[in-house]
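Each chain gets a letter, A, B and so on, in the order the sequences are listed, and its residues count up from 1.
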Amino acid sequence: METNRRDLLKLAGGAAVGIVFTPVPWRLITDAALWSENWPGTPQPAHGPLTARYTNCSLCPAGCAVRARCISNRPIGMAGVAGHPLSQGALCALGLAGHQAPYHPDRLKPASASAAPVAQAIAKGGVAVLDLRPGRTASWTYRRAMAAVKGLYVTAPQPLPFAYNLSAARTVLSIGAPLIDGWGTPGNVLRARAGFHLIQADSVESRSASLADTWLRINPGSEPALALGLAQILLQRKPKAVPAGMAEAAAQMTPARTADATALSEKEILDLADALFQNGPSVVVAGEAAPEAAALNALLGGWGQAVVARQEAPVPESWKTAAPATELASVPDGSIHTLLIDESAPGDYIPWGVIAKKLARGSSSVIVFSWSGTGYARHANLALPTAVFPEALDDLPAPADSPAAAFRLSAPLVEPPAGVVNPVEVIAKAAGIDASAALRERADAIHKTARGNLFRYADGVSTPVKDLKPEDFWNALNEGGCWIDTAQAGAPPLPKWVPSASAAGGADLAVTIVERRFAGAPGSPLMSKVYKESNLQLGPNRAALNPATAAGLGLADGARAALTTAAGSCEIEVILDPAVSPGALEVAAGPEVLDICGAFARAKVVRA
Amino acid sequence: MISENKGNKKARYGMSIDVDRCTGCGGCMVACASENNVAPANPGANDRKGLTWIRVFKVDNGQEYPNKRSVFVPMMCQQCGEETPCYLACPQQAVDVDPSTGIVGQMPERCLGCRYCMAACPYHARYFNWWDPVWPAGMEKTMNPDVAPRMRGVVEKCNFCHGRWHAARQKAAASGNRVLDPADYVPACVEACPTGAIRFGDLSDASTEVARNSKTPDSFRMLEKLGTEPKIYYMSKRQWVKEIAEAPKLTPQKEPARG
Amino acid sequence: MTFRGTLLFAGGVLASLGLGWIAFPHAIYTSRQQPVEFSHKIHTGSAGMQCEDCHALREDGSYVGIPPLEQCAGCHTEPTGQTAAEKNFIEKYVTPNREPPWLVNARQPENVWFSHTPHVRLAKLTCARCHGDQGTLDKPRVYQEDRISGYSRDIWGKPVANVKGPTQTGMKMDDCIECHRAAGLEHSCLDCHK
């Protein structure tokens, strides 16, 4: 008998029927389901003992205190430190996931790039260091290095010479400042908030405007005019010493003219002056765009109480021969041959055009130290990758809302990847100075004054410095601690009067750009929750327009458009939002947009 | 063999959210994602397809300037105590309501991905994994071992940081206690809130702050008329804010209903 | 159908039944040897140690699991006995300071939140209640792994066709549920899942 195809089919049919009466198919189904739970690529969290470690967040200059929950010494979650005298236990969204910053996809990959060109450039001369977060110990090292090689130490606009004590204020006028949106130390501002009346003059309904007691909607770009108009009224009521040039400028700004510029009524302006005058101590907080508004403080009752001289933590005597700080604005155009930019500790982003103007034509080179590929690295001849929080050791200057000097370290929680460079080390070494123990020397100099208290994060105890040994002081700073001076700060010197440059642009540029801090700046990739996976904040290259303005420009919600200013052009997606004033364009201040617009640039928006 | 139920106190966990104190900073959203191993946005994600167990909405009173007022309202699973809509809709028994804590639990491993629960949820508090979760290289080292990562094709949502409940219960057991210390069980959003707007605790214990808050005249719940007995109590002193609980007016740019 | 056809069909059925009930229950698992021939019997017997000496609870209630190499090295930098297994362990792992790749029979899936603390401190369960007679074995049990799901035989999968593993333990989900139900502690999935 021969086996044929039919026989095989019968056998297979029988097998198929039989298998159903065995455990095989049922077990395979459940096993396959279990296998699918561990789909390749699904990561498995590491397990291990849980510990708490403490440091200070250095992602922004506020430097809030951080308690990191760690598994096997690696941080897996961040929280604030309760009772902290500056940050008051609070962290912002960026800081709450700060431990994930090293894994941002935009991070500069540690490569084989060598720091040798830095030494060559410094040897050649004509070098300048641009420090975006002045006031650090690293800043002092740069100044000492530049003094040694006759280079230039350049900073972003220097912080104002005064600090705010918001808990002593009863009325706060914020002229376009993001007061409740990341200004100063968020925890400190929020804590003081219950004690003052907040008036927010803003051209968009920013978060600070929504949360203010009074929101005054002003024309975009009219912040300086409002400040001058108020100065004019206050000076008439009670003449006072003011920064040179301010009185003359203010005299021009009658209430009628101010009303015209700001779109407020004359009565609103007079009422505002009354509120500041009568319900003191009052302070004025100004956005980046209106430094002259800050000078208004000299006319108010808060001067010397709620606005005091800004203090810096003591430094060793031997450092004081360092090079002076030069503001970028006062560097002659076309004078820098080699520019070293330390973007490892970012501050406010300066539009690239402003920096480029200072470079010598033709032969200049730019070396950027940064951990992010989205900032100045885009414009550099050489970008050297650095460590990022929480990998790097750095210190943080006292924020604008700390009336006393402070010193705290951002001590690393994890090892930086191989191949990153430390900008301070590289520049100090090339300049031939030894700054390897600069932070320790500074801590010792502070300790020597025997002033102030050390707040320890692990137990929340404050100890007078004079009761501590230098070694213990240093160790405590490294394990999570903050030194705060007890010396009383007096009235600040009168600030310099710097009128804002009027925004460039012609009549064809119909809208004024209002910048909003961009949540997507490299930090944790999880920041996508607030701007991409929800509409809580504006995402990169998205811009909000008033529906009426948009209709006039022929733009619908979600339209792609080209944003053009005198400095350049970029593509944006338009969203309509009645919270934005007519004529204003609110953009998230990512580097791409910032490069083409300074403060309150005029722009036009054309449908793409 | 253990025999009887040894003094396991029943809790009814809930929150009170003071809308007047919310600054809309988004800290809770980021802290929640970090705590619960929610992956960063897929390149294709948007406000409809993202994963945000807690989401802060901006809501206004519908007026024009100068009468326009806005508030920020954090929304998460409202932990409905009665007729829990998602529980009733789930064909897979992947949703349950824990009688000992009142927490509505979601079991991603049982979930079939039909999304009936999302349609049933009156609060849009449930989220679907449209893509495989992907962590950038190295970021898996920051994951929380107390929460299991989910997979593509399942629904997930807030469970009051259940991993922290487990950890608190373990800590209590280490010292021989069955009742956990309220200080040990605090969800990530509550811990993260810089203004203390979100409070958490046992609503069945009259001495807790949430229980007191839930009884103040300022307190209200979202869509209370549905009778689902949500356990998230919102608070505001402003009448128009209380009215959003029945008919929210979202600013035009924001948040169309998610599908 | 012809007689021959019926016979063939029945043969197919029988072949499947045999395969499914006799071969499959064995074939679904793969057996692997532990890296070290560790004897619990010697440690708990002549060495006089308790389970908790190595498998301790930390202060926060978390469980250390299999002790790290450094703890073993505390006693075993030099051989303390005569066995080949110990000599092998020291040469291969202690001297090069390499953690042995233990195959953990009790390893639960990632979505399980199991804590020893409530079971030991509150419910007063003995180790053997779930782990079986591990503590008295002279040789580690052969680790049997489900070829598809990748989990140990001890923690998942009912015995198929009465083919039992080397020892019956109580670490499967059904075992957990049974005990929780009897104790009135069965509330929701998230009691044990995460």
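- One distance of note links CH2 of C/Trp113 with CD of B/Gln170; it measures 4.0 Å at 0.5 Å rounding.
- C/Arg121 contributes a side-chain N or O that, together with a main-chain N or O of B/Ala174, makes up a donor-acceptor pair within less than 3.5 Å.
- The contact between B/Asp96 and chain C is made entirely by side chain atoms (from C-beta outward), counting heavy-atom distances below 4.5 Å.
- Ranked by non-hydrogen atom pairs under 4.5 Å with chain C, the options B/Asp146, B/Asn36, B/Val147 are led by B/Asp146.
- Other residues, nucleotides and ligands contribute at most 12 non-hydrogen atoms within 6.0 Å of the CD atom of B/Glu83.
- When each of B/Ala173, B/Ser175, B/Pro145 is checked for heavy-atom pairs under 4.5 Å with chain C, B/Ala173 comes out on top.
- One finds the NZ atom of B/Lys171 at 12.0 Å from the OG atom of C/Ser62 (value rounded to the nearest 0.5 Å).
- Distance alone, capped at 3.5 Å, places no donor-acceptor pair between the C/Asn111 side chain and the B/Glu109 backbone.
- Going from atom OG of B/Ser100 over to atom CG of C/Leu185 covers 9.0 Å, rounded to the nearest 0.5 Å.
- Taking CD1 of B/Ile103 as the start and NE2 of C/His187 as the end, the distance is 12.0 Å to the nearest 0.5 Å.
- Side-chain contact between C/Ser115 and B/His166: absent, with no pair of heavy atoms (C-beta onward) separated by less than 4.5 Å.
- Around atom OH of B/Tyr116, no more than 12 heavy atoms belonging to other residues, nucleotides or ligands sit under 6.0 Å away.
- Options B/Thr101, B/Val97, B/Asn177 differ in how many heavy-atom pairs under 4.5 Å they form with chain C, and the most are formed by B/Asn177.
- When all heavy atoms of C/Ser188 and B/Asp98 are compared, the closest pair comes out as OG-OD2, 3.5 Å.
- Two residues are said to be in side-chain contact when any heavy atoms from C-beta on lie closer than 4.5 Å; C/Leu190 and B/Met107 meet this criterion.
- Residues C/Glu110 and B/Pro149 approach most closely at CG-CD, 4.0 Å, considering heavy atoms.
- Of the inter-residue distances, the one linking C/His193 atom NE2 with B/Asn159 atom CG reads 13.5 Å to the nearest 0.5 angstrom.
- More than 12 heavy atoms of other shown residues, nucleotides or ligands fall within 6.0 angstrom of atom CZ in C/Phe114.
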